[in-house]
Amino acid sequence: STIWYNAINSSTGALSSWGTTTPLEAAALLNPVLTAYNGRLYSIGGTTLGSNSHTSSTGYVSINSNGTIGFWALNSFDDLPVGLGNHSIVAKNGYLYVIGGVPDGGATATSTVLYAALDPTDGSIGAWSNTTALPVARKNHAAFERNGNIYVFGGGSPSSATSSILYAPINSDGSLGNWTTTNTPLPVAVTSALDTLSNSKNYFYLNMDTTSYYSLLENNDFNWATTTPISHLLSQSQYAATIYNGYLYVSGGSYINGLEQYVATSTVIYSPIYNDRSSKDIFWGLAVPNGSQIGTYSGTVNFTGSYNP
């Protein structure tokens, strides 16, 4: 249930030293589903480590100015109507959306979409209601809001991986309109888009084991192209990716060692994202535990990486 946090250098994108803050409100969760909105961090559902059951519990906490978080607010009235895992969440315009996933005790994904109002004063979660369901069940998908629409990317649909992208408009009352499939899908079917897809403004980045892609969102459609893959620095998979302040960060996951075994890593790599669509190639840097920029580093992950630029 540990939560780690780190300061990001606004000029270079480098990380400083990692610290721990208030842990998750519940027992240790496998694949917790979190989002930040309006100065608060929300934890919605997830899989309980050890039992592999999906919880319906929700919690929220204020994010302090120094990056730490306060104490989790728990209220059973805020809980989901059913335990849920492998779902995605989006917060926008004072509403929180819970999309798809696998209900507790079930073997297959759901197409259900829930939403609830967020209190602008204390951040509490209102009553959950159903809104327009997905046209097909999804799990392990990614979801983002852009330009008044919620987009759902890839995932399991319902059992095999899919490359399709769906979007639905957000109505003034918080409900969703009808779902539409974009003309251009993801360049590849993605089983776990939740970990591999990240977003910055209207650009989206898909990082696979050997190939990385990017696309500009224009008129509710995409035009995917390849960019510098992560694998030229580290054959890393099952990682988490996120974008902040013009930098793309890839953290953790696993790599293949000399014995062809997957080994977990604590490495964090990052890259600037350029504003000019024609020069989107990514040059990876390495954020080591002390957070300083480096020339060359060799360590426990059995590779040598160079910071560029």
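At least one side-chain heavy atom of Asn86 sits under 4.5 Å from a side-chain heavy atom of His54. For the pair Asn147 and Asn202, the minimum side-chain heavy-atom distance is below 4.5 Å. At least one side-chain heavy atom of Thr162 sits under 4.5 Å from a side-chain heavy atom of Arg138. Between Trp72 and Leu41 the shortest side-chain heavy-atom distance falls below 4.5 Å. Residues Leu96 and Thr35 are in side-chain contact: their nearest non-hydrogen atoms beyond the backbone lie under 4.5 Å apart. The shortest side-chain heavy-atom distance between Thr58 and Leu80 falls under the 4.5 Å cut-off. Side-chain contact between Asn223 and Glu218 is absent, with no heavy-atom pair separated by less than 4.5 Å.
How far CG of Asn220 is from CD1 of Ile165: 11.0 Å, rounded to the nearest 0.5 Å. The CG atom of Asp78 sits 11.0 Å away from atom OG of Ser57, with the distance rounded to the nearest 0.5 Å. Between Asp79 atom CG and Leu84 atom CG the span is 12.0 Å, to the nearest 0.5 Å. Note that OH of Tyr167 is 9.0 Å distant from OG1 of Thr181, once rounded to the nearest 0.5 Å. Between Leu114 atom CG and Ser129 atom OG the span is 8.5 Å, to the nearest 0.5 Å. From Asp173, atom CG reaches atom CG of Asn93 across 11.5 Å, with rounding to the nearest 0.5 Å.
Distance alone, capped at 3.5 Å, is enough to place a donor-acceptor pair between the Asp122 side chain and the Ser124 backbone. In this structure a side-chain-to-backbone donor-acceptor pair under 3.5 Å is present from Thr21 to Ile69. With hydrogens and angles ignored, the 3.5 Å screen pairs a side-chain donor or acceptor of Thr22 with a backbone N or O of Gly70.
Under a hydrophobic-cluster definition in which Ile, Leu, Val, Met, Phe, Trp and Tyr are linked whenever side-chain heavy atoms come within less than 4.5 Å, directly or via other members, Ile63 and Phe71 are assigned to different clusters. Residues Val102 and Val82 fall into different hydrophobic clusters, defined by Ile, Leu, Val, Met, Phe, Trp and Tyr side chains chained together at heavy-atom separations under 4.5 Å.
Here the closest non-hydrogen pair linking Asp221 and Thr184 is OD1-N, 2.9 Å. In plain terms, the two heavy atoms of Arg146 and Leu217 that are nearest each other are CB-CD2, 3.8 Å. Contact between Pro185 and Ser163 at its shortest, heavy atoms only, is CB-O, 3.2 Å. Here the shortest heavy-atom pairing between Tyr37 and Gly94 reads OH-N, 2.8 Å. Here the closest non-hydrogen pair linking Ala127 and Ala116 is O-CB, 3.5 Å. Closest non-hydrogen pair, Tyr213 versus Val188, comes out as OH-CG1, 3.8 Å.
In Asn178, the CG atom is not crowded: 12 or fewer heavy atoms of neighbouring residues, nucleotides or ligands sit closer than 6.0 Å. For Asn66, the CG atom is densely surrounded, since the number of other residues' heavy atoms within 6.0 Å is greater than 12.
Among residues two or more places apart in sequence or in another chain, the ring pair (Phe, Tyr, Trp, His ring centres under 6.0 Å) test is passed with Phe204 by Phe144, Phe153, Phe222. Taking Pro169 as the reference, Asn149 meet the side chain to side chain contact (heavy atoms under 4.5 Å, CB included) condition, with sequence neighbours excluded. Residues satisfying the ring pair (Phe, Tyr, Trp, His ring centres under 6.0 Å) criterion with Tyr42, sequence neighbours excluded, are Tyr60.
Sequence neighbours left out, not one pair with a member in residues 180-191 passes salt bridge (charged side-chain N to carboxylate O under 4.0 Å, His left out). Every pair passing salt bridge (charged side-chain N to carboxylate O under 4.0 Å, His left out) that includes a residue from residues 90-112 is listed here, sequence neighbours excluded: Lys92-Glu145.
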Please evaluate residues Ile125 and Ile44 with respect to the criterion side chain to side chain contact (heavy atoms under 4.5 Å, CB included), reporting the C-alpha separation (whole Å), side-chain torsions for both, the decisive distance (0.1 Å), and the verdict. CA-CA 11 Å; Ile125 304 170; Ile44 308 295; 4.0 Å; yes

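Val113 shares a hydrophobic cluster with Val90, Tyr95, Tyr97, Ile99, Tyr115, Leu134, Ile150, Val152, Leu166, Ile170, Leu176, Trp179; the chain of contacts runs through ILVMFWY side chains whose heavy atoms sit under 4.5 Å apart.
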